[in-house]
Amino acid sequence: MVSGPSSLTRLRWRRRFRSLLALLLLAGLALTAWLWSPPPALTVPLVHVIDGDSLTVRQDDAPLTIRLTGIDAVEYRQDCARGATRWPCGREARAALEKLAGRGPLHCEVAAKDRYDRTLAACRTAPFPDGIDLAAEMARQGWAVATSDAYMVEEAEAQAKRRGIWQGDFILPENWRATHERATTAVTPPDA
């Protein structure tokens, strides 16, 4: 029984097949690692703080409006109550974000766009893991409510210590916006 060339050929093909499988496995692991890696952070100069959860930065010499993810801060024109006294909690929320952000630059990880074409991002005062997570700190100081599980601990701490809007009574920002939305001007066609 002669088994020389055919067994040698089968052995070569098995080795090639194993090498191909190992190469495919490594390629799959590399692709998985690339897909699961966090998005690169943009380093952008701060232009203006709009309110407690929105700001304008400059990217590629153009203004970019960013809304911080995971929180909903009181609106700039919103007031809160301490007993019978009303106070401008929205203005104080903006001042708190201005103080936290400083003069910039900010390091933001872009998540998506919202229905108002604002960029949704998580921003820090220094690259991750350093610096201050602006959304976490706004929730911790009590100027925003958490909209995801990411900042529930910070919100609970602010509520327990009666910080920011938790000092008194307030309307949730989304409810305040719903009742104070600017009326849209109805456009009628010229032949109507």
Side-chain angles (χ1 to χ4, degrees), residues 1-73 96-97 100-160 172-174 177:
M1 181 159 81
V2 177
S3 63
S6 63
S7 65
L8 186 60
T9 304
R10 275 186 283 181
L11 182 62
R12 285 183 184 152
W13 278 108
R14 276 190 217 147
R15 285 183 181 161
R16 288 179 184 159
F17 183 70
R18 286 183 198 148
S19 297
L20 179 63
L21 279 177
L23 184 62
L24 288 173
L25 180 64
L26 285 173
L29 289 172
L31 179 65
T32 302
W34 180 71
L35 290 174
W36 282 44
S37 65
L42 301 172
T43 301
V44 288
L46 177 64
V47 174
H48 173 69
V49 173
I50 299 168
D51 61 18
D53 57 15
S54 302
L55 37 89
T56 305
V57 297
R58 184 160 301 286
Q59 181 186 20
D60 300 327
D61 291 327
L64 176 67
T65 301
I66 290 182
R67 177 141 186 334
L68 298 175
T69 57
I71 62 168
D72 193 8
L97 184 56
L100 287 172
R103 294 185 178 184
L106 298 177
H107 305 272
C108 302
E109 293 178 8
V110 175
K113 291 264 189 184
D114 69 3
R115 64 182 179 189
Y116 303 108
D117 201 38
R118 295 176 300 192
T119 301
L120 301 174
C123 295
R124 304 180 72 82
T125 57
F128 182 82
D130 298 324
I132 298 168
D133 178 339
L134 296 178
E137 194 59 28
M138 287 299 287
R140 184 177 294 109
Q141 289 184 13
W143 298 115
V145 293
T147 59
S148 71
D149 292 341
Y151 303 118
M152 290 298 223
V153 170
E154 289 83 355
E155 179 186 310
E157 178 185 327
Q159 190 173 5
L172 285 173
E174 67 179 321
R177 283 190 301 274

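Hydrogens, waters and symmetry mates play no part in the numbers below; they use all other heavy atoms, side chains included. For reference, positions follow the sequence shown, starting with 1.
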Quiz item: Any idea which heavy atoms bring R124 and G131 closest together, and the distance?
Solution: NH2-O, 3.1 Å

Exercise. Please collect all salt bridge (Lys or Arg N to Asp or Glu O under 4.0 Å) contacts where either partner lies in residues 60-72, sequence neighbours excluded, each pair once.
Key: D53-R67, R67-D72, D72-R177

Exercise. State which residues pass side chain to side chain donor-acceptor pair (under 3.5 Å) with T125; sequence neighbours excluded, sorted by chain then number.
Key: none

Quiz prompt | Closest heavy-atom pair and its distance - L46, T56 | solution = CD1-O, 3.6 Å

Quiz item: So which heavy atom on T43 is nearest to which on P105, and how close?
Solution: CG2-CB, 4.1 Å

Self-check item: Between OG1 on residue T119 and CG on residue L64, distance to nearest 0.5 Å
Solution: 4.0 Å

Quiz prompt | Pairwise side-chain contact, S148 with T69, heavy-atom cut-off 4.5 Å (strictly under) | solution = no

Quiz item: Which distance, rounded to the nearest 0.5 Å, do you find between the CD of E154 and the CG of D133?
Solution: 7.5 Å

Quiz item: Is it the case that more than 12 heavy atoms not belonging to R15 sit under 6.0 Å from its CZ atom?
Solution: no

Practice problem: Taking T147 for its side chain and G70 for its backbone only, find out whether a donor-acceptor pair lies under 3.5 Å. | Solution: yes

Quiz item: With a 4.5 Å heavy-atom cut-off, do L106 and L55 have their side chains touching?
Solution: yes

Quiz item: A158 and A139: which non-hydrogen atoms are nearest, and at how many Å?
Solution: CB-O, 3.3 Å

Quiz item: Can you find a heavy atom in the side chain of I66 that is under 4.5 Å from one in the side chain of R118?
Solution: no

Quiz item: Where is the tightest heavy-atom contact between D51 and L97, given as atom of each residue plus distance?
Solution: O-CD2, 3.3 Å

Exercise. List the atom of L100, the atom of M138, and the distance in Å for their closest heavy-atom pair.
Key: CD1-SD, 3.7 Å

Quiz prompt | salt bridge (Lys or Arg N to Asp or Glu O under 4.0 Å) partners for E155, two or more places apart | solution = none

Quiz item: After noting the C-alpha distance and the side-chain angles of L172 and V145, does the key distance pass the side chain to side chain contact (heavy atoms under 4.5 Å, CB included) rule?
Solution: CA-CA 8 Å; L172 285 173; V145 293; 4.0 Å; yes

Quiz prompt | Stacked cation flag R10 on W13, 6.0 angstrom / 45 deg | solution = no

Practice problem: State, with a plain yes or no, whether a side-chain heavy atom of H107 is found less than 4.5 Å away from one of C123. | Solution: no

